[in-house]
Amino acid sequence: MNEPGYRILHGLFGGAELARLAEAAESVQRDVLAKAASGRTSVEVWPDGHRLESVDGTKLHWEPEATGTIRSLAPVSHLHPAFDALWTDPRLTGPMADLLGVAEPGPFVSKLNFKRAGVGSEFAWHQDFPFWYCCAGPAAADIATAMIYLDDAGAGNGALSVIPGSHRDGPAPRDRAEPTGLLVDASKVDASRERVLELPAGSVLMFPGTLVHRSAPNRSDRDRRTLLFCFQPAGRPQLAELRYRRELLADLP
Ligand SMILES: O=C(O)CCC(=O)C(=O)O
């Protein structure tokens, strides 16, 4: 991986194709909300109080402070063919093969983050690695994300921020007082190194699981929707086939 630990691909999607992906996000949201309203779902509450509801093979993560608004859906690619096609799109798989150092990247999990205007909540400083480690064990080191921007992202609508180079230090010390046990200890993050990545719709950001990142709440009047496609070497089990084993956090700092 290059020095800053992330790669930006400008203008990978655009025009009618980008509009189709954004429409797909809205159509998936409509279908999932309709099914959630039917009540035939199972609900789990995370230690931080966030509610996750299983609908149609996806976990619907509700916005904690905006009743009826979806924060994210994962996995999501099985819910729309336009999403599913992204797993084999050479514009993603080529750079991802380079990043992972493998000939053939395959799916681990897909996610749709809505970060809606006015209500999209924050993501505190974290690495994706601890969550993946609790599911995939050491194989989590071989997973990386392609984040596809469906809307322009700026400081005002909760653009993603990163700590360049943080991936090189491996798993970061976690905040032991925080209920999920998954967040980075913010007191140990050098916030003077924070870089807010303001990117136009159609961009793609690629980064490994150990890059420290966060995003502010979206208090603006502009949605900040993104698709996150997490790749790993082809042939390995996907997240949905694995069990979350919180006890594995004990292996990490
Ligand atoms: O969409 C964002 O702002 C953050 C995404 C992220 O870090 C996550 O989904 O784990």
Side-chain angles (χ1 to χ4, degrees), residues 5-6 8 21-22 25 29 46 48 50-52 58-66 69-77 83 107-136 140 143-164 166-167 171-172 174-175 178 180-184 186 189 194-220 222-232 239-240 244 249:
Y6 59 88
I8 297 169
L21 288 173
Q29 177 199 251
W46 268 65
D48 57 4
H50 286 205
R51 279 180 68 239
L52 271 70
T58 188
K59 280 206 175 155
L60 183 176
H61 186 153
W62 292 104
E63 278 294 354
E65 281 162 25
T69 304
I70 302 176
R71 173 167 147 114
S72 66
L73 299 172
V76 75
S77 59
F83 294 163
F108 180 63
V109 69
S110 55
K111 188 169 180 182
L112 173 56
N113 280 352
F114 286 97
K115 199 98 175 175
R116 289 296 192 190
V119 295
S121 50
E122 75 163 343
F123 285 78
W125 285 120
H126 70 283
Q127 297 172 310
D128 296 327
F129 180 79
F131 181 76
W132 294 341
Y133 183 82
C134 286
C135 304
I143 303 168
T145 297
M147 184 163 171
I148 301 159
Y149 286 72
L150 301 181
D151 298 300
D152 295 341
N157 66 348
L160 196 82
S161 283
V162 299
I163 301 290
S166 52
H167 65 298
R174 289 169 300 109
D175 179 352
E178 183 277 320
T180 66
L182 294 169
L183 301 181
V184 165
V189 174
E194 174 173 3
R195 192 171 300 166
V196 182
L197 301 178
E198 300 199 293
L199 296 174
S203 311
V204 175
L205 171 71
M206 293 192 173
F207 59 98
T210 47
L211 189 76
V212 175
H213 58 284
R214 72 168 192 130
S215 66
N218 183 358
R219 303 278 185 241
S220 77
R222 294 173 296 123
D223 289 340
R224 202 231 66 188
R225 296 165 298 174
T226 48
L227 280 165
L228 293 93
F229 274 60
C230 308
F231 288 88
Q232 62 181 347
L239 182 72
Y244 183 73
L249 285 177

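Source: prediction; values computed, not measured. As the structure lists them, so they are numbered: ligands from 1, and atoms in each ligand from 1. Residue numbers count from 1 along this sequence.
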Arg214: partners by side chain to side chain contact (heavy atoms under 4.5 Å, CB included), with sequence neighbours left out: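 Side chain to side chain contact (heavy atoms under 4.5 Å, CB included) list for Arg214, sorted by chain: Trp125, Ser161, Glu194.
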Give the residue, atom name and distance (to 0.1 Å) of the protein heavy atom nearest [atom].
atom                    : result
atom 3 (O) of ligand 1  : Ser215 OG, 2.6 Å
atom 9 (O) of ligand 1  : Lys111 NZ, 2.7 Å
atom 2 (C) of ligand 1  : Arg224 NH2, 3.4 Å
atom 5 (C) of ligand 1  : Asn113 ND2, 3.3 Å
atom 10 (O) of ligand 1 : His126 NE2, 3.2 Å

Taking the six-membered ring for Trp, are Phe229 and Phe83 closer than 6.0 Å centroid to centroid?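 No, the ring of Phe229 stays outside the 6.0 Å limit from the ring of Phe83, centre to centre.
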With atoms numbered from 1 as shown, which atoms in ligand 1 lie under 4.0 angstrom from a non-hydrogen atom of [X]?
X      : value
His213 : 6 (C), 7 (O)
Leu160 : 2 (C), 3 (O), 4 (C)
Asp128 : 10 (O)

May I ask you to check whether Gln127 and Thr210 show a side-chain donor-acceptor distance below 3.5 Å?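 No - no donor-acceptor pair under 3.5 Å links their side chains.
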Under 3.5 Å side-chain donor-acceptor pair for Gln29 and Arg116: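 Their side chains do contain a donor-acceptor pair, which is all the 3.5 Å distance test asks for.
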To check you understand the geometry: which heavy-atom pair defines the closest contact between Leu150 and Leu112, and what is its length?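 Looking at all heavy atoms of both residues, the closest pair is CD1-CD1, 4.2 Å.
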Report the residues that fulfil salt bridge (charged side-chain N to carboxylate O under 4.0 Å, His left out) with Arg222, sequence neighbours left out, ordered by chain and then residue number.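 Arg222 satisfies salt bridge (charged side-chain N to carboxylate O under 4.0 Å, His left out) with no other residue.
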